[in-house]
Amino acid sequence: MVEQHVDEVMAPRLEKLARLDEAHVEPYPRRYERTHLAAGAIARFDSLTGREIRVAGRLVSWRGMGKATFCHVADVSGRLQLYLRRDVLGTEAYDFVTKTLDLGDIVGAEGTLFRTRTGEVTLEVKRLELLAKSLRPLPEKWHGLQDTEKRYRQRYLDLIANDEVKQVFVTRSRVISSMRRFLEERGFIEVETPALQPIYGGAAAKPFVTYHNALDQTLFLRIAVELYLKRLIVGGLDRVYEIGKDFRNEGISTKHNPEFTMMECYQAYADYKDVAQMVEMMVSSIAAEVLGTRQFAFKGETIDVTPPWRRLTLREAIREGAGIDYVEYPERESLAEAMRAKGITVDAAAGRGKLIDNLLSEFVEPKLIQPTFLFDYPVELSPFAKRKPEDATTVERFEAFVGGMEIANAFSELNDPRDQRQRFLEQLRLREMGDEETQVMDEDYLVALEHGMPPTGGLGMGVDRLVMLLTDRQSIREVILFPQLRTKA
RNA sequence: GGGCCGCUAGCUCAAUUGGCAGAGCAGCUGACUCUUAAUCAGCCGGUUCACAGUUCGAGUCUGUGGCGGCUCACCA
């Protein structure tokens, strides 16, 4: 996207650089001692009047009027208007500055604050220094940068031109830090587990494959951290969490990026009901901290995350949404038949669990706008969840949905090594039948379980989706700074 | 991978039925000491995504390819 003929556009700026060199002005000096951010200076205007302050940032507007000039500098906090007067700066300095600066340059300005006739807090500049010369033009000042591809590929331009984009990523940061605070306050400790794994597991997904030369060994980028965190529960860390990237070698969509941020946490001596309570408290506490409210807009709806959230079983939800009670169809074929009778197309390769999952995502998930927990999933879909004591075909698992998206998945962790081995074997069987996204046998994990893992509640939460929700973005690419795109030839 | 849409100046966008490629912003020159999408006068700026084809003539029609967006599939 960076064209060759921009030379023409850059030429005037390169000429100005040459002029700076002639005048022995360093266009890229080392540092600048700033005293205030733009927003802080404006907020504290009353106590700052008459005092010299220094701000620094990018020149984002320029209105020259001969012997005086108004312009704005932008820093992280916002923008501040500068007022340059020839009789204040001196003719020589004024002329030099106005002839060598460009929109986009990074400058430092020292002066005193005043209010203009229209009331805008403005810095009357006594000294203006170039801190970094910009050689390329800024995006269009009024329409900003609209080209989606360019916005993603050159996100820095997006951040310069589109203020609300900057706000999204500031919010993202606050969401994650609020999440950490919530977990820390409850005694969870943050851990880091391998991203390069000899055996991948903990989710149904295709991995990225890589290779370590010295070990002469194939490694996989993790698709989840689940199995490592539970090893730490075996080790007695009792409450652990990790916030990090998972990698899944699958399609890209507005809800899927090949690398995405997941929070997983595990709490010994808790079950999935405890975890559900924690999820609703966590999300509502994050919303309150970051947005200042538990109610917010998403896709034109007002979402209220105040606990308690609506709770129903997966069975009820599907019966309600699709008109099929899958418990009445315990065999794959009878369920498929019932679906066909309703005019639902049945994926020939899908097993019973997959069919139930299809029903969920097609008939239930899109309707779950207000926060909802769906409890109790079929065992086929959940190889790491504990069975219900009264029903061996169902596991203690829930997913949380908000805004029509799945944002969390949790269960009472399976800690019986005998059953876990059976589940792995069942996954193996599905793999032989052609399912590429099943778990692979992890003997090392089984050994850990055989040492005894306390009853544990575990949770995975999609951080990107949570941020989408809290910032009202419809695409995951809007909350990931550099989303995956095809590289340009 | 399928479907739909898009790609024109650095940026944001026009261009009638196939008939001279345009505007605003940015840039350059000049005027202007409270402007804020500053204003005013003038100037510069194009491989219309690429390649082929139809045609007297293609930004426009056709084909192939590239990239992007949306969507479906996929994705517990």
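In the text below, chain A, chain B and the rest are named by the order of the sequence lines, each starting its count at 1.
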Can you confirm if the NZ or CZ of [X] lies within 45° of the ring axis of [Y] and under 6.0 Å from the centre of its six-membered ring?
X      : Y      : result
A:R172 : A:F169 : no
A:R352 : A:Y326 : no
A:R311 : A:F373 : no

For [N] and [M], measure between their [atom1] atoms and round to the nearest Å.
N      : M      : atom1 : value
B:rA23 : B:rA9  : P     : 14 Å
B:rC5  : B:rC49 : C1'   : 16 Å
B:rU35 : B:rC40 : P     : 15 Å
B:rC43 : B:rC25 : P     : 15 Å
B:rU60 : B:rC72 : C1'   : 31 Å
B:rA37 : B:rU62 : C1'   : 43 Å
B:rG30 : B:rC34 : C1'   : 23 Å
B:rG24 : B:rG19 : P     : 24 Å

Would you say [N] has OP1 or OP2 under 4.0 Å from some side-chain N or O of [X]?
X      : N      : result
A:R151 : B:rG69 : no
A:R153 : B:rG68 : yes
A:K141 : B:rG24 : no

Task: Full working for side chain to side chain donor-acceptor pair (under 3.5 Å) between A:N257 and A:R477 - done: CA-CA 8 Å; A:N257 195 60; A:R477 293 184 204 106; 5.7 Å; no

Send over the distance from [X] [atom1] to [N] [atom2], rounded to a whole Å.
X      : N      : atom1 : atom2 : value
A:K99  : B:rA31 : NZ    : C1'   : 12 Å
A:R397 : B:rA76 : CZ    : C1'   : 5 Å
A:W142 : B:rG10 : CH2   : P     : 24 Å
A:R19  : B:rC28 : CZ    : P     : 9 Å
A:L84  : B:rC34 : CG    : P     : 13 Å
A:Q146 : B:rC5  : CD    : C1'   : 17 Å
A:E226 : B:rA76 : CD    : P     : 13 Å
A:L80  : B:rU35 : CG    : P     : 18 Å

At less than 3.5 Å, do the side-chain atoms of [X] and the base atoms of [N] form a donor-acceptor pair?
X      : N      : answer
A:Q81  : B:rU35 : yes
A:D147 : B:rU12 : no
A:R85  : B:rU33 : yes
A:E140 : B:rG24 : yes

Nucleotide nearest [X] when distance is taken to its side chain, options [options]:
X      : options                : value
A:A68  : B:rA38, B:rC11, B:rU33 : B:rU33
A:Y83  : B:rG69, B:rU33, B:rC28 : B:rU33
A:K150 : B:rG10, B:rU35, B:rC70 : B:rG10

Any-strand Watson-Crick or G-U partner of [N], both distances under 3.5 Å:
N      : result
B:rU33 : none
B:rA9  : none
B:rG42 : B:rC28
B:rC20 : none
B:rG59 : none
B:rC70 : B:rG3
B:rA50 : B:rU64

- [ ] Please check if atom CZ in A:R431 has more than 12 non-hydrogen atoms from other residues, nucleotides or ligands closer than 6.0 Å.
- [x]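 Check passes, neighbour count above 12.
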
- [ ] Might you confirm whether atom CD of A:E92 has over 12 heavy atoms from other residues, nucleotides or ligands at distances under 6.0 Å?
- [x]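 At most 12 heavy atoms, drawn from other residues, nucleotides or ligands, come within 6.0 Å of this atom.
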
Task: Sugar-phosphate, base or nothing in reach of A:L157, heavy atoms under 4.0 Å - done: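 Since no nucleic acid heavy atom lies under 4.0 Å of A:L157, the category is nothing.
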
Open item on the list: Please classify the nucleic acid contact of A:E399 as base, sugar-phosphate, or nothing, using heavy-atom distances under 4.0 Å.
Closed with: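 Touches sugar-phosphate only.
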
Open item on the list: Using 30° and 60° as the class boundaries, would you call the ring planes of A:F398 and A:F375 parallel, tilted or perpendicular?
Closed with: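 Taking A:F375 first and then A:F398, their aromatic rings sit tilted (interplane angle of 30° to 60°).
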
Open item on the list: Checking the side chain of A:T372 only, and the main-chain atoms of A:L368 only, is there a donor and an acceptor separated by less than 3.5 Å?
Closed with: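 Flag not set: sc A:T372 to bb A:L368 has no pair under 3.5 Å.
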
- [ ] With RNA chain B as reference, determine whether A:W62 or A:Y152 sits nearer its 5' end, using the nearest nucleotide of each.
- [x]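 The residue whose closest nucleotide sits nearer the 5' end is A:W62.
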
- [ ] Tell me which of A:H143 and A:R86 sits closer to the 5' end of RNA chain B, going by the nucleotide each one is nearest to.
- [x]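 Comparing both residues, the 5'-ward one is A:H143.
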
